[in-house]
Structures are given as C-alpha cells and as structure tokens.
Enquirer: 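Mind looking over this structure? Questions follow.
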Amino acid sequence: MLTTPAKTILSGYQKNGWFGTDYSMNLYRGCCHGCIYCDSRSECYRIDDFDTVRAKENALPLLRDELRRKMKPGVVMTGAMSDPYNPFEKEEKLTRHALELLDAYGFGAAIATKSDLIVRDIDVLSDIARHSPVLCKVTVTTCDDELAAKIEPRAPSPSARLEAIRRLSGAGLFTGVLLMPVLPFLEDSDDSVLSLVERAADSGARFIYPAFGMTLRQNQRQYYFERLDERFPGMKERYIARYGTRYSCVSPRAKQLWALFTDRCREHGLLYKMQDIVSAYRQGYSTEQLRLF
C-alpha cells in the first residue's frame with residue numbers, strides 16, 4: 001500500500017487526555033470510510049487527499065523504540081485521526097502488531113473505530129487487559145443501515161458494528177458506543193437516539209458517549225454540503241439557515257434528546273458521563289501495577 005514518511009508514532013505524555021488516555025498513536029494517515037461529516041477533513045489538519053489511506057513508514061520500529069524510552073506507563077489511544085481498522089489493516093496488520101508491542105511493554109489501549117475488524121484482535125486485547133486498562137469505543141451514529149450507507153458509505157454497517165460490540169463485550173472487554181456526531185435534521189429524532197440505546201444495551205455495551213450535533217469548518221463544510229446536495233436535496237439550505245458559518249452545530253433538539261437519552265441509559269445501567277466511563281474502565285488497575293509490569 002501507499003506510505004508516508006514519519007518521524008514519530010507516539011505522542012508525549014499527557015495526563016488525563018481524551019477518555020483518560022496518556023498517549024496517542026496514529027499508524028495510518030487518511031481514511032477511506034467516506035463519512036460525509038468527518039472533522040479530519042478540516043484544513044487545519046493538512047491531510048491532502050484524505051480518502052487515500054497511507055501507512056506510516058517504519059511505524060512499528062518507531063513505536064517499539066518510543067515505547068521502550070517512555071518512563072511513565074499508561075493507556076495509548078488510537079483512532080482519533082484515522083481509523084486503525086481501515087480495510088488495508090486486514091493484510092497490513094499494523095494495528096495488530098502495534099497492540100502486541102503495547103502488550104510487551106506493559107501499556108494499555110483505548111481504540112476508537114467504525115470497523116468490525118477489531119474483533120480479530122480480541123486475543124491481543126485480552127492479553128493487554130490482564131495487566132493494563134483496555135477501552136473499546138465503536139462509533140455508531142444510527143441503527144438505520146440504509147441511512148448509514150449514505151452518510152458512512154464505505155464503513156461496515158451499524159448492524160455489523162453492534163455485533164462487534166457484542167463479541168468484544170462477550171470476551172470481557174470494556175466496550176461501548178461513541179454516539180457522535182448526531183447529525184442535525186438527519187439523526188436527531190427521539191426514535192433514532194433511543195433505538196440506538198436499546199440496540200447498544202442488547203449488544204452488551206457498557207457505555208454510550210454522545211454528542212448531539214457536529215462540527216463544520218473549512219474544507220469539512222464544503223465536502224459535507226456537496227454530499228448533502230447529492231444525497232439529501234434541500235438539506236444544505238436548512239444547515240445554512242440554522243448555523244451560517246458556525247463551527248459548532250448543536251442539534252436544535254439537543255436538550256430534549258439529552259433528557260430522553262440519559263433516562264434510557266439509566267434504565268439499562270449504561271454509563272454516559274466521561275468521568276464515570278474513565279473510572280470504570282481503569283478500575284482495578286493502578287500506576288504502580290503498570291510500573292511493576
């Protein structure tokens with residue numbers, strides 16, 4: 001596959017980062033899921049030809065050396081800028097081998113993905129969980145496979161992702177849903193959100209973390225509006241009328257959705273607050289335990 005030069009894979013130490021993580025890594029650049037709303041298309045990230053996936057050159061040797069030099073153990077996040085389980089990963093196995101390195105050096109893992117390929121690595125994730133925290137975050141923004149095919153055209157279906165959650169949870173891994181973004185006027189109905197809560201609970205999810213709205217900024221906005229014109233005629237005009245050129249586009253129904261969402265989550269025992277999710281997945285692990293490993 002195509003490659004791109006890289007000087008580093010692992011970020012510097014950052015206490016209490018996103019979902020309580022300590023480091024982040026990106027083994028690939030770009031993403032081919034084709035999600036029409038993706039924030040990573042934004043000009044500020046400077047990723048040319050975003051839909052073309054490139055592996056970072058010498059990613060695994062770089063990661064090995066960086067892990068070996070880290071003085072503080074911790075949880076490594078992946079999936080923020082590009083999906084670690086893109087279709088090329090099936091053959092390349094960069095993510096799998098990176099997880100094996102995390103296991104070998106005593107680090108935890110927090111993965112965000114839209115792919116059911118993550119279930120392939122249940123064995124490695126289970127090995128990591130014996131000594132360090134593991135968090136599996138599977139993005140599902142709608143249960144409607146037909147709608148998802150329009151807004152996330154090359155990602156596995158929501159049904160496939162929910163089945164992946166069932167398998168991950170069944171293996172004892174701390175797993176849940178990233179319900180973000182919830183696209184205004186397309187995914188922000190009561191039925192859409194509550195149906196997802198029910199399906200997630202049925203699949204054994206431990207948490208759902210939502211964002212009832214989306215971001216829109218340069219490049220990302222243009223791409224999104226072009227796709228809306230193709231697939232949802234008239235929808236772009238609703239966005240322009242409601243949000244203009246704002247960066248943060250919160251659903252006009254956000255408060256109502258939050259109330260319904262939290263009530264239903266409590267009924268099912270699902271966590272939905274960041275601090276509760278972090279506390280739960282890190283429970284039973286300590287910095288001293290990681291250091292001793």
Side-chain angles (χ1 to χ4, degrees), residues 18-19 31 33-45 50-51 79-81 83 112-114 137-159 161-162 176-200 205 207-265 270 272-274 277:
W18 181 246
F19 279 94
C31 184
H33 287 329
C35 303
I36 67 174
Y37 52 74
C38 185
D39 179 73
S40 294
R41 295 182 186 279
S42 301
E43 185 180 43
C44 61
Y45 299 120
F50 179 76
D51 293 278
M81 292 298 297
D83 198 309
T113 183
K114 283 191 180 83
K137 301 170 288 179
V138 181
T139 300
V140 188
T141 66
T142 176
C143 291
D144 187 335
D145 287 355
E146 291 186 11
L147 176 60
K150 294 181 179 180
I151 62 177
E152 302 161 345
R154 294 187 293 277
S157 69
S159 296
R161 285 176 250 167
L162 288 162
V177 172
L178 291 180
L179 176 54
M180 57 174 65
V182 174
L183 302 179
F185 314 126
L186 290 172
E187 300 177 312
D188 59 349
S189 68
D190 295 353
D191 182 64
S192 179
V193 171
L194 295 180
S195 294
L196 197 147
V197 174
E198 296 293 336
R199 292 280 300 277
F207 68 91
I208 305 177
Y209 190 72
F212 296 119
M214 67 180 302
T215 62
L216 281 178
R217 50 185 162 189
Q218 195 166 354
N219 284 12
Q220 177 197 14
R221 177 182 289 106
Q222 179 183 354
Y223 186 89
Y224 184 61
F225 282 173
E226 288 173 356
R227 301 293 88 72
L228 288 182
D229 277 342
E230 292 172 1
R231 300 166 197 182
F232 305 96
M235 187 62 67
K236 177 182 73 175
E237 286 70 27
R238 293 187 67 181
Y239 273 80
I240 294 172
R242 174 78 188 188
Y243 302 111
T245 59
R246 293 182 212 168
Y247 164 65
S248 180
C249 303
V250 178
S251 166
R253 307 188 66 253
K255 289 184 178 179
Q256 179 181 343
L257 289 172
W258 177 255
L260 293 170
F261 168 80
T262 54
D263 283 347
R264 191 62 58 88
C265 283
L270 291 164
Y272 54 85
K273 294 181 180 178
M274 177 72 76
I277 298 167

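Values reported hereafter were calculated over all heavy atoms of this structure, with side chains retained and with hydrogens, waters and symmetry mates removed.
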Enquirer: Rounded to the nearest 0.5 Å, what separates atom CD1 in Ile151 from atom CD1 in Ile36?
Expert: 6.0 Å
Enquirer: Under a 4.5 Å cut-off applied to non-hydrogen side-chain atoms, are Lys114 and Cys35 in contact?
Expert: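 A side-chain contact under 4.5 Å exists here.
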Enquirer: Would a distance-only check, ignoring hydrogens and angles, find a side-chain to backbone donor-acceptor pair under 3.5 Å from Arg217 to Ser42?
Expert: no
Enquirer: Can you confirm whether Thr139 sits close enough to Thr113 that some side-chain heavy atom of one is under 4.5 Å from a side-chain heavy atom of the other?
Expert: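 Sidechains of Thr113 and Thr139: no contact.
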Enquirer: So Phe232 and Leu147, side chain to side chain contact (heavy atoms under 4.5 Å, CB included) or not? Walk me through it.
Expert: CA-CA 11 Å; Phe232 305 96; Leu147 176 60; 3.8 Å; yes
Enquirer: Can you tell me how far apart CG (Asp39) and CG (Asn219) are? Round to the nearest 0.5 Å.
Expert: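 Nearest 0.5 Å value for the CG-CG distance: 11.0 Å.
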Enquirer: Please find the pair of heavy atoms, one from Met180 and one from Ala211, that lie closest to each other, and give the distance.
Expert: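 Minimum heavy-atom separation between Met180 and Ala211: CB-CB, 3.7 Å.
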Enquirer: Measure the shortest side-chain to side-chain distance between Ile240 and Phe225 over non-hydrogen atoms and say whether it is less than 4.5 angstrom.
Expert: yes
Enquirer: Quick one: do Leu194 and Leu260 satisfy side chain to side chain contact (heavy atoms under 4.5 Å, CB included)? Show the steps, please.
Expert: CA-CA 8 Å; Leu194 295 180; Leu260 293 170; 4.2 Å; yes
Enquirer: Taking the side chain as every heavy atom from C-beta outward, state whether Pro181 and Thr141 have any pair of such atoms under 4.5 Å apart.
Expert: yes
Enquirer: Would you call Leu179 and Val140 a side-chain contact if the rule is heavy atoms closer than 4.5 Å?
Expert: no
Enquirer: Would you sort out whether Phe19 and Tyr209 count as a ring-ring contact (aromatic ring centres under 6.0 Å, His included), showing the intermediate values?
Expert: CA-CA 10 Å; Phe19 279 94; Tyr209 190 72; 5.3 Å; yes
Enquirer: Is any side-chain heavy atom of Arg221 less than 4.5 Å from a side-chain heavy atom of Thr245?
Expert: yes
Enquirer: Between Ser159 and Arg199, is there a side-chain heavy-atom distance shorter than 4.5 Å?
Expert: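 Yes. Closest side-chain heavy atoms under 4.5 Å.
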Enquirer: Output, in order, the C-alpha distance, side-chain angles, deciding distance and verdict of side chain to side chain contact (heavy atoms under 4.5 Å, CB included) for Leu257 and Ser251.
Expert: CA-CA 9 Å; Leu257 289 172; Ser251 166; 4.1 Å; yes
Enquirer: Would you mind listing every side-chain hydrogen bond (donor to acceptor under 3.5 Å, both in side chains) that reaches into residues 230-243, with sequence neighbours excluded?
Expert: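 Sorted pair list: Tyr224-Tyr239, Arg227-Glu230, Asp229-Lys236.
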Enquirer: I need the Asp145 CG to Lys150 NZ distance, nearest 0.5 Å.
Expert: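 If we round to the nearest 0.5 Å, Asp145:CG and Lys150:NZ are 13.0 Å apart.
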Enquirer: Do you know which two heavy atoms are closest between Ala205 and Leu270, and how far apart they sit?
Expert: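 Shortest heavy-atom separation between Ala205 and Leu270 comes out as O-CD2, 3.0 Å.
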Enquirer: Hey, are the side chains of Tyr37 and Leu183 touching, using non-hydrogen atoms and a 4.5 Å cut-off?
Expert: yes
Enquirer: Measure the CD1-NZ distance between Ile208 and Lys137 for me, rounded to the nearest 0.5 Å.
Expert: 15.0 Å
Enquirer: Aromatic ring centroids of Phe212 and Phe261 under 6.0 Å?
Expert: yes
Enquirer: Quick check: closest heavy atoms across Ser40 and Met81, and the distance to 0.1 Å?
Expert: OG-O, 3.5 Å
Enquirer: Regarding Arg41 and the six-membered ring of Tyr223, is the cationic atom NZ or CZ under 6.0 Å from the ring centre and inside 45° of its axis?
Expert: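 Yes; both conditions hold, so Arg41 lies above the ring face of Tyr223.
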Enquirer: Indicate yes or no for a side-chain donor-acceptor contact from Ser192 to the backbone of Glu187 under 3.5 Å, with no hydrogens or angles considered.
Expert: yes
Enquirer: Distance check, rounded to the nearest 0.5 Å: Asp83 atom CG versus Cys31 atom SG?
Expert: 5.5 Å
Enquirer: Minimum heavy-atom separation for Asp51 and Gly34, please, with both atom names.
Expert: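 Heavy atoms of Asp51 and Gly34 come nearest at OD1-CA, 4.2 Å.
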Enquirer: Sort and list the pairs that fulfil salt bridge (Lys or Arg N to Asp or Glu O under 4.0 Å) and have at least one residue in residues 244-265, not counting sequence neighbours.
Expert: Asp190-Arg253, Glu198-Arg264, Asp263-Arg266, Arg264-Glu267
Enquirer: Look at the side chain of Asp188 and the backbone N and O of Pro252, then say whether any donor-acceptor pair between them is shorter than 3.5 Å.
Expert: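 Side chain of Asp188 to backbone of Pro252: no pair is present.
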Enquirer: Can you list everything that forms a salt bridge (charged side-chain N to carboxylate O under 4.0 Å, His left out) with Glu152? Sequence neighbours excluded, please.
Expert: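 Once residues adjacent in sequence are excluded, the partners of Glu152 under the salt bridge (charged side-chain N to carboxylate O under 4.0 Å, His left out) criterion are Arg161.
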Enquirer: Go through the steps for Val177 and Val138 under the test side chain to side chain contact (heavy atoms under 4.5 Å, CB included), then give the verdict.
Expert: CA-CA 5 Å; Val177 172; Val138 181; 5.7 Å; no
